[in-house]
Amino acid sequence: MTSMPASERIGSYVKRAEQALNTAKNAALKPAGVTVAQYAALLHLAENPGISAAALARLCGVTPPTMNTVLGNLQERGFIERTPHAWHKNVLETRLTERGEAVMEDADARAIRVERAVDAAFTAAERETLRDLLTRCADAYDATRTNEAPTPTE
């Protein structure tokens, strides 16, 4: 027996919500022909044309090697193009192609349906509270890596 039951561990609930989100989005995105990771990359590329792979990895919450794999797959399918940066020749700028924009629009419409269905389960005030609580949760988990003690609020 452990000193803290699973039912009392916030991480268990965060993980369950994350798994449910990924399952729902994978199902929604399948007809668009992209994975959740590919969709996340396309979404951030649409909002940040020319972004580097390293910066895109940070936005998507994956490692740079993982992002390079995702980008390689997207490039093979003709969804993105990568060109050398004008000043930094070792940096590749990444942009959506017309085909990538079309796939992104289709995938985004599908992902938005998932997000709206979840939004409908909460009031506006609850959504704001949930965002605040999840942000605090992430900050508290981040603090454990740096040995900073999170400050409880009441």
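When reading the values below, keep in mind they use all heavy atoms of this one structure, side chains included, and skip hydrogens, waters and symmetry mates. Computed from a prediction, not measured in an experiment: that's the story for all the values here.
- Within the 3.5 Å criterion, the main-chain N or O of G33 finds a donor-acceptor partner in the side chain of R77.
- Contact annotation: the side chain of D119 approaches that of R127 to within less than 4.5 Å [non-hydrogen atoms, C-beta and beyond].
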Anything under 3.5 Å between a donor and an acceptor, one on a side chain of residues 42-52, the other on a protein residue two or more places apart or in another chain? List them.
{"unit_1": "N48", "atom_1": "ND2", "unit_2": "H44", "atom_2": "O", "d": "2.9"}
{"unit_1": "S52", "atom_1": "OG", "unit_2": "A55", "atom_2": "N", "d": "3.2"}

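- Within the 4.5 Å cutoff, the side chain of T94 has no heavy atoms near those of the E81 side chain.
- Taking the side chain as every heavy atom from C-beta outward, L56 and L71 approach each other to under 4.5 Å.
- The shortest distance between side-chain heavy atoms of Y13 and S7 falls below 4.5 Å.
- Using a 4.5 Å cut-off between side-chain heavy atoms of Ile, Leu, Val, Met, Phe, Trp and Tyr, with links allowed through other members, V14 and V118 fall into different hydrophobic clusters.
- The shortest non-hydrogen separation linking I80 to T97 is C-CG2, 3.6 Å.
- No more than 12 heavy-atom neighbours from other residues, nucleotides or ligands sit within 6.0 angstrom of CD1 on I10.
- Although no hydrogens or angles enter the test, the distance criterion places no donor-acceptor pair under 3.5 Å between the side chain of R110 and the main chain of P31.
- Each side chain to side chain donor-acceptor pair (under 3.5 Å) pair with one or both residues in residues 53-69, not counting sequence neighbours, appears once here: T63-T66.
- Between the side chain of Q75 and the backbone N or O of G72 there is no donor-acceptor pair closer than 3.5 Å.
- In this structure a side-chain-to-backbone donor-acceptor pair under 3.5 Å is missing from Y39 to A32.
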From CA spacing to verdict: side chain to side chain contact (heavy atoms under 4.5 Å, CB included), R82, E93 | CA-CA 5 Å; R82 301 178 81 191; E93 293 183 322; over 6 Å; no

Should F79 and L96 be marked as a side chain to side chain contact (heavy atoms under 4.5 Å, CB included) after you check the CA-CA gap, both sets of side-chain angles, and the distance that decides it?
-> CA-CA 6 Å; F79 297 165; L96 296 177; 5.7 Å; no

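- The pair D132-R136 fails the salt-bridge criterion, with no side-chain N (NZ, NE, NH1 or NH2) lying under 4.0 Å from an Asp/Glu carboxylate O.
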Show your reasoning for whether side chain to side chain contact (heavy atoms under 4.5 Å, CB included) applies to K25 and L21.
-> CA-CA 6 Å; K25 280 208 176 162; L21 170 65; 3.9 Å; yes

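- Residues meeting the salt bridge (Lys or Arg N to Asp or Glu O under 4.0 Å) test with K15, sequence neighbours left out: E18.
- In this structure, E128 places its CD atom where only 12 or fewer heavy-atom neighbours from other residues, nucleotides or ligands lie under 6.0 Å away.
- L92 and V70 end up in different hydrophobic clusters when Ile, Leu, Val, Met, Phe, Trp and Tyr side chains are linked at under 4.5 Å.
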